[in-house]
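Some notes on the structure that comes next.
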Amino acid sequence: MADQTTLDILLLYVGEHTRGDHVLSQMRASHQGATSQSQTPLSPASSKTTFGILPPPVSPPRDESIIENKFNAGRVVYRILDISRQKGDRRKFLHFFESIPAILFLVPLAEYDQPVEDDELENLDFDHSRNQSPTSVKPSCQLSESLDLLQTVCDSEWFANTDIILLMTETDVFREKVETSPLLPWFPDYTGRSIEDACNYLLSRCVSLNQRKNQEIYAHFTSRDDTRQFEFVRNAMEDILIKKRRFSH
């Protein structure tokens, strides 16, 4: 399609690529103009710079493990780049995404009560010394790994001008589990009583990691049958463009 504008989004999460594959599959199911393919190398975007506001689409290095997911929406193509297939060295690619306008970050709520094994900690590809848990230097549960990675993203110099689209995934599973497996043992500072309190507490933990005034976090609770994920991402990107257009004048 002529005169299309490409908006790049970096997809980040902790764990195997199947987690991202599931979310992207849900997004494709609810959006007919979606395609997914592995690029060797990742095809450079040939479309125009976004309204003269954002830098040109990013050009990551030649690598078969970077997956490009395209969502066509009229004159705009949303290109979601998934680097989760990188094993143990994802950080070396982050500087290639310095100009990216948004990061799509996945937080699997249902992992709040799944312990982290010592050998898993040794293989983490981010700095877990920033752990926010009040009781331990290392993450006490797998959800804490996601909080650590989010903290790293929020503090990164490469993403100082990048907004974050936060998908709180597995909300339906979390709501079922938290009734019989309390949140408190894993997060000792939690004082809520209801399921809504637990959801809001974890959301607050995520949002509080961002200390930059010019960086916004757009959050959405999502479940296995959610068909609104792409709509939320698109609306967030539209708001990001409006904000960047406003501050560019």
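All heavy atoms count here, side chains included; hydrogens, waters and symmetry mates do not.
For Arg224, the side chain to side chain donor-acceptor pair (under 3.5 Å) partners are Asp172, not counting sequence neighbours. Evaluation of the side-chain contact (heavy atoms from CB on, under 4.5 Å) rule for Ser208 yields no partner, not counting sequence neighbours. With sequence neighbours excluded, no residue forms a side chain to side chain donor-acceptor pair (under 3.5 Å) with Asn235. Legend: residues meeting side chain to side chain donor-acceptor pair (under 3.5 Å) with Thr222, ordered by chain and number and at least two apart, are Asp226, Gln229. By the ring-ring contact (aromatic ring centres under 6.0 Å, His included) test, Phe105 pairs with no residue at all, sequence neighbours left out. With sequence neighbours left out, Asp239 forms a salt bridge (charged side-chain N to carboxylate O under 4.0 Å, His left out) with no residue at all. Every residue meeting the side-chain contact (heavy atoms from CB on, under 4.5 Å) condition with Ser25, not counting sequence neighbours, appears here in chain and number order: Arg28.
Looking at Cys141 and Pro115, their side chains never come closer than 4.5 Å, going by heavy atoms from C-beta outward. Side-chain contact check for Val77 versus Leu7: every heavy-atom pair is 4.5 Å or farther apart. Side-chain contact between Leu202 and Leu143 is present, with at least one heavy-atom pair separated by less than 4.5 Å.
Here ring pair (Phe, Tyr, Trp, His ring centres under 6.0 Å) pairs that include residues 204-224, with residues two or more places apart or in two chains, are His220-Phe232. Residue pairs that meet the salt bridge (charged side-chain N to carboxylate O under 4.0 Å, His left out) test with at least one member in residues 195-204, sequence neighbours left out, are Arg175-Glu196. Sorted by first and then second residue, the salt bridge (charged side-chain N to carboxylate O under 4.0 Å, His left out) pairs with a member in residues 100-114 read Arg19-Glu111, Asp113-Lys177; sequence neighbours excluded.
Below 30°, between 30° and 60°, or above 60°: for Phe71 and Phe230 the angle between ring planes is below 30°, a parallel geometry.
For the side-chain hydrogen bond (donor to acceptor under 3.5 Å, both in side chains) with Arg79, the qualifying choice from Asp8, Thr6, Asn69 is Asp8, the only one to do so. Residue Tyr112 is tested with Phe187, Phe174, Tyr201 for a ring-ring contact (aromatic ring centres under 6.0 Å, His included); the sole match is Phe174. With Phe97 as the partner, the side-chain contact (heavy atoms from CB on, under 4.5 Å) test is satisfied by one option alone out of Ile9, Leu12, Ile83: Ile83.
Not one N or O on the side chain of Gln26 forms a donor-acceptor pair closer than 3.5 Å with the backbone of Arg228. Between the Arg205 side chain and the Leu147 main chain, no donor and acceptor come within less than 3.5 Å of each other.
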Give the table of side-chain donor-acceptor pairs shorter than 3.5 Å for residues 159-170, with sequence neighbours excluded, one pair per line with atom names and distance.
unit_1 : atom_1 : unit_2 : atom_2 : d
Asn161 : OD1    : Asn214 : ND2    : 3.2
Thr162 : OG1    : Ile100 : O      : 2.8
Asp163 : OD1    : Glu216 : N      : 2.7
Asp163 : OD1    : Lys243 : NZ     : 2.8
Asp163 : OD2    : Lys243 : NZ     : 2.7
Thr169 : OG1    : Val107 : O      : 3.3

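Put simply, SG on Cys206 and CG on Leu109 are 7.5 Å apart, with the number rounded to the nearest 0.5 Å.
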Full working for side-chain hydrogen bond (donor to acceptor under 3.5 Å, both in side chains) between Asp82 and Tyr13
CA-CA 9 Å; Asp82 184 0; Tyr13 52 91; 3.2 Å; yes
